[in-house]
*Asks:* 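Have a look at the structure that comes next, please.
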Amino acid sequence: MYVYADNAATTPVHPTAVEAMLTCLNEEYGNPSSLHTVGQRAKERLDQARETVARCLGAEPREIYFTGGGSEADNQALLTGAVLGAKKGKKHLITTAFEHHAVLHSMKRLEKQGFTVTYLDVHADGVVRPEDVATALTDDTALVSIMLVNNEIGTIQPVAEIARLCHEKGVLVHTDAVQAVGHIPVDVKALGVDMLSLSGHKFHAPKGVGALYCRKGIRPEILIEGGAQEFGRRGGTENLPGIVAMAAALQEATENLPREMEQVTALREKLIDGLAQIPHSRLNGHRTLRCPGTVNFCFEGIEGESLLLWLDAKGVAASSGSACTSGSLDPSHVLLALGLPHEIAHGSLRLSLTADNTAAEVDHILEVVPQVVEYLRGISPVWEALETGKQAHLI
Ligand SMILES: *Cc1c(COP(=O)(O)O)cnc(C)c1O
């Protein structure tokens, strides 16, 4: 059995999305900007996709801007908030220390351009406190960007509450909802955010397509010059096959949401209960304030990287954190932001499930992980030091 349990890195493309994409590739090959019938048919497909995405988020079609993925949407949102703030003389931005690098690196760039950024500490449970945001707000604050669901540990942030208190002070709010859309209910009006990012490949659409929701009254800054596409805010011939596939996948996810949330949550709970039996292990992030599918554990005395390789050999595809950093040996910035010491943060494992996973697959994971952990501890000098009392257990 081989179990794919790395859905927070990317998800398999669903047949509905493939089918939508294929009709587009085979028949609707037109350029939506062309005036002839073929072009206009493509334009119709584009409009329909925008309506679908808007409907699934409780937005207006005019508020949806298609992008080349979640990272682009994050970049565009942050630049937009910063530029709008600067026009009013406000040059302070607030985010958290455990955002995706698309947000963190955009913030670093804005710092070089003269903005000041506050990186809020995250509490040990992986949840940002609204009072910490309130305390960080100043008269100079232009934008607050806080993710809805963390990609490494799965915790859900109180974004609606944060948006309310920011708006009282006239501060714009962006949320990176890439790990939330398609997995938990996301309604832009209920959240009350000004901007929101999403990415198709995190909910069973292809890679390289995403969207930025930007509420009426805010014009996104242009990252890509080139044409009148996306209401003049993103140049380039639209990725129609990708966009249409994303709309189909989002519609499917939205229709199945209540049932799938229940199903995936049950799998997750079984997984957490099983992994918690491993001695000197620790669940990272709040037990219940989390999206249905994501589980993150630390196991003392072992290296995340060797764990992953052994799990892969035993038929489990997992991750040690974000796909973007798992090529490096640095511990995850997310786990460090929770206040975990380096030694512990090194031995982390992220398993992320969707409704495609089965109870039998969870059983397989629960059979294999304890075996591999025990094996690796058996050959680990760190574990030996812990067991002989030369070093104190931290978990
Ligand atoms: C995957 C991810 C992104 C980046 O999306 P891409 O479409 O891969 O660029 C941004 N933020 C979060 C939270 C993510 O999980």
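The first residue of the sequence shown is numbered 1, and numbering continues consecutively from there. When a ligand or atom number is given, it counts from 1 through the structure's own listing order.
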*Asks:* Side chain of S352, backbone of A8: donor and acceptor closer than 3.5 Å?
*Replies:*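 Yes.
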*Asks:* Got a sec, which hydrophobics cluster with V178, joining ILVMFWY side chains under 4.5 Å apart, including via others?
*Replies:*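 Its cluster mates, by chain and number: none.
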*Asks:* With E230, which residues qualify under salt bridge (Lys or Arg N to Asp or Glu O under 4.0 Å), at least two apart?
*Replies:*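 Partners of E230 by the salt bridge (Lys or Arg N to Asp or Glu O under 4.0 Å) criterion, ordered by chain and then number, come out as R50.
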*Asks:* Please check this pair: side chain of S348 against backbone of S320, looking for a donor-acceptor N/O pair closer than 3.5 Å.
*Replies:*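 A pair under 3.5 Å: yes.
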*Asks:* Under 4.0 Å between a Lys/Arg side-chain N and an Asp/Glu carboxylate O for R215 and D194?
*Replies:*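 Salt bridge flag = yes for D194 with R215.
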*Asks:* So if I only count non-hydrogen atoms and take anything under 4.0 Å from ligand 1, which residues does that give, chain by chain?
*Replies:*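 Close residues (ligand 1, cut-off 4.0 Å): G69, G70, S71, D74, H100, M147, N151, D176, V178, Q179, S199, H201, K202.
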*Asks:* Running the 4.5 Å side-chain criterion over Ile, Leu, Val, Met, Phe, Trp and Tyr, what cluster does Y29 land in, apart from itself?
*Replies:*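 Members besides Y29, by chain and number: V38.
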